[in-house]
Amino acid sequence: MFNSIVFGLVGSAFLVFPQTLAEFTTGSAPSSPSGLMDMRAVYGGVVLGFGAVLYLLGRSPETRRQGLLALIAVLGGMAIGRVIGFFVDGPGNFFMCTFLAYEVLFILLCVLALGRKPTA
């Protein structure tokens, strides 16, 4: 449930403050209305929607496994993109390193949780 809250908060924040958060985390922001709209849609809407999916899957013992697998898939995709960026684009800032650490940590925690016996 922790990750559903994180994704929900981040998505909501990007819906409301896309330019501010982009500048804060990356040092720059899209300057066109279409760029900001896309940032609201992807960083805001998709991330918020994924947080809702995690919440719904995490509520029931029967669907928690699917939630963990979905989280591994999404965090894994994010981590792969970030690692490729480090190699192709150069070193990232503090936030990129922190986000990668978060992604890897929660992938490992999800893998460990998948190995545990389910509880009601």
Side-chain angles (χ1 to χ4, degrees):
M1 289 305 218
F2 173 79
N3 281 288
S4 68
I5 294 168
V6 170
F7 275 84
L9 290 174
V10 170
S12 296
F14 268 98
L15 281 172
V16 179
F17 307 109
Q19 187 167 5
T20 302
L21 288 172
E23 289 171 356
F24 184 69
T25 57
T26 68
S28 65
S31 57
S32 70
S34 292
L36 287 170
M37 189 181 307
D38 195 56
M39 182 157 275
R40 284 184 207 274
V42 176
Y43 286 87
V46 171
V47 171
L48 178 62
F50 184 62
V53 167
L54 289 176
Y55 174 76
L56 293 171
L57 291 173
R59 287 178 37 195
S60 169
E62 293 82 25
T63 57
R64 282 193 192 126
R65 180 174 177 79
Q66 288 81 5
L68 291 170
L69 292 170
L71 190 55
I72 289 170
V74 169
L75 291 178
M78 292 168 72
I80 288 168
R82 220 173 293 282
V83 168
I84 289 171
F86 281 121
F87 284 108
V88 173
D89 306 319
N93 64 19
F94 169 79
F95 292 104
M96 296 306 109
C97 296
T98 302
F99 295 156
L100 180 60
Y102 170 88
E103 292 152 5
V104 170
L105 172 66
F106 277 93
I107 288 168
L108 294 173
L109 291 173
C110 287
V111 168
L112 289 173
L114 285 171
R116 292 180 50 202
K117 189 172 186 166
T119 59

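In this text the structure is predicted, and so the values were computed from the model without any measurement.
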TODO: Identify, with sequence neighbours excluded, every residue that meets side-chain contact (heavy atoms from CB on, under 4.5 Å) alongside Leu9.
DONE: Ile5

Task: Cluster check Ile80, Leu71: I/L/V/M/F/W/Y, side chain < 4.5 angstrom - done: no

TODO: Would you name the heavy atoms of Leu68 and Ala113 that are closest together and state the gap between them?
DONE: CD1-CB, 3.8 Å

Task: With Tyr55 via side-chain hydrogen bond (donor to acceptor under 3.5 Å, both in side chains) - residues at least two apart - done: none

Open item on the list: Could you see if Ile72 belongs to whatever hydrophobic cluster contains Leu108? Use Ile, Leu, Val, Met, Phe, Trp, Tyr and a side-chain cutoff under 4.5 Å.
Closed with: no

Task: By side-chain contact (heavy atoms from CB on, under 4.5 Å) - contacts of Asn93 (at least two apart) - done: Phe95, Met96

Task: Over all atoms of both residues, closest heavy-atom pair of Arg40 and Val16 - done: NH1-O, 3.6 Å

- [ ] Just jot down the ring-ring contact (aromatic ring centres under 6.0 Å, His included) partners of Phe99, sequence neighbours excluded, or say none.
- [x] none

- [ ] Only counting residues at least two apart or in another chain, list the ones meeting side-chain contact (heavy atoms from CB on, under 4.5 Å) with Thr20.
- [x] Phe17

Open item on the list: I'd like to know if the side chain of Thr63 reaches the main chain of Leu57, judged simply by a donor and an acceptor atom lying under 3.5 Å from each other, with no hydrogens or angles considered.
Closed with: yes

TODO: Kindly state each residue pair satisfying salt bridge (charged side-chain N to carboxylate O under 4.0 Å, His left out) with at least one member in residues 86-98, sequence neighbours excluded.
DONE: none

TODO: With sequence neighbours excluded, tell me which residues meet side-chain contact (heavy atoms from CB on, under 4.5 Å) with Phe106.
DONE: Phe2, Asn3, Leu75, Tyr102, Leu109

Task: hydrophobic_cluster_shared for Phe94 and Phe86, side chain cutoff 4.5 Å - done: yes

TODO: Taking side-chain hydrogen bond (donor to acceptor under 3.5 Å, both in side chains) as the test, write out the residues that go with Ser12, two or more places apart.
DONE: none

Task: side-chain hydrogen bond (donor to acceptor under 3.5 Å, both in side chains) partners of Arg82, counting only residues at least two apart - done: Glu103

Task: salt bridge (charged side-chain N to carboxylate O under 4.0 Å, His left out): pairs with one or both residues in residues 1-29, sequence neighbours excluded - done: none

Would you list the atom pairs, donor with acceptor, under 3.5 Å between side chains in residues 27-36 and any protein atom, with sequence neighbours excluded?
{"from": "Ser32", "atom 1": "OG", "to": "Gly35", "atom 2": "N", "distance (Å)": "3.0"}

Open item on the list: Strictly by ring pair (Phe, Tyr, Trp, His ring centres under 6.0 Å), give each pair with a member in residues 25-53 just once, sequence neighbours left out.
Closed with: Phe7-Phe50, Phe14-Tyr43

Open item on the list: Counting C-beta onward and ignoring hydrogens, is there a side-chain heavy-atom pair between Val10 and Leu21 closer than 4.5 Å?
Closed with: no

TODO: Assess whether side-chain contact (heavy atoms from CB on, under 4.5 Å) is satisfied between Gln19 and Met39, documenting all intermediate values.
DONE: CA-CA 8 Å; Gln19 187 167 5; Met39 182 157 275; over 6 Å; no

Open item on the list: Hydrophobic clusters here meaning ILVMFWY residues chained together by side-chain heavy-atom distances under 4.5 Å, can you tell me if Val104 and Phe87 are in one?
Closed with: yes

- [ ] State yes or no: do Met1 and Leu56 share one hydrophobic cluster built from I, L, V, M, F, W and Y residues joined by side-chain heavy-atom distances below 4.5 Å, directly or via other members?
- [x] yes

- [ ] Please examine the side chains of Arg64 and Arg59, heavy atoms only from C-beta on, and report whether any two atoms are closer than 4.5 Å.
- [x] no

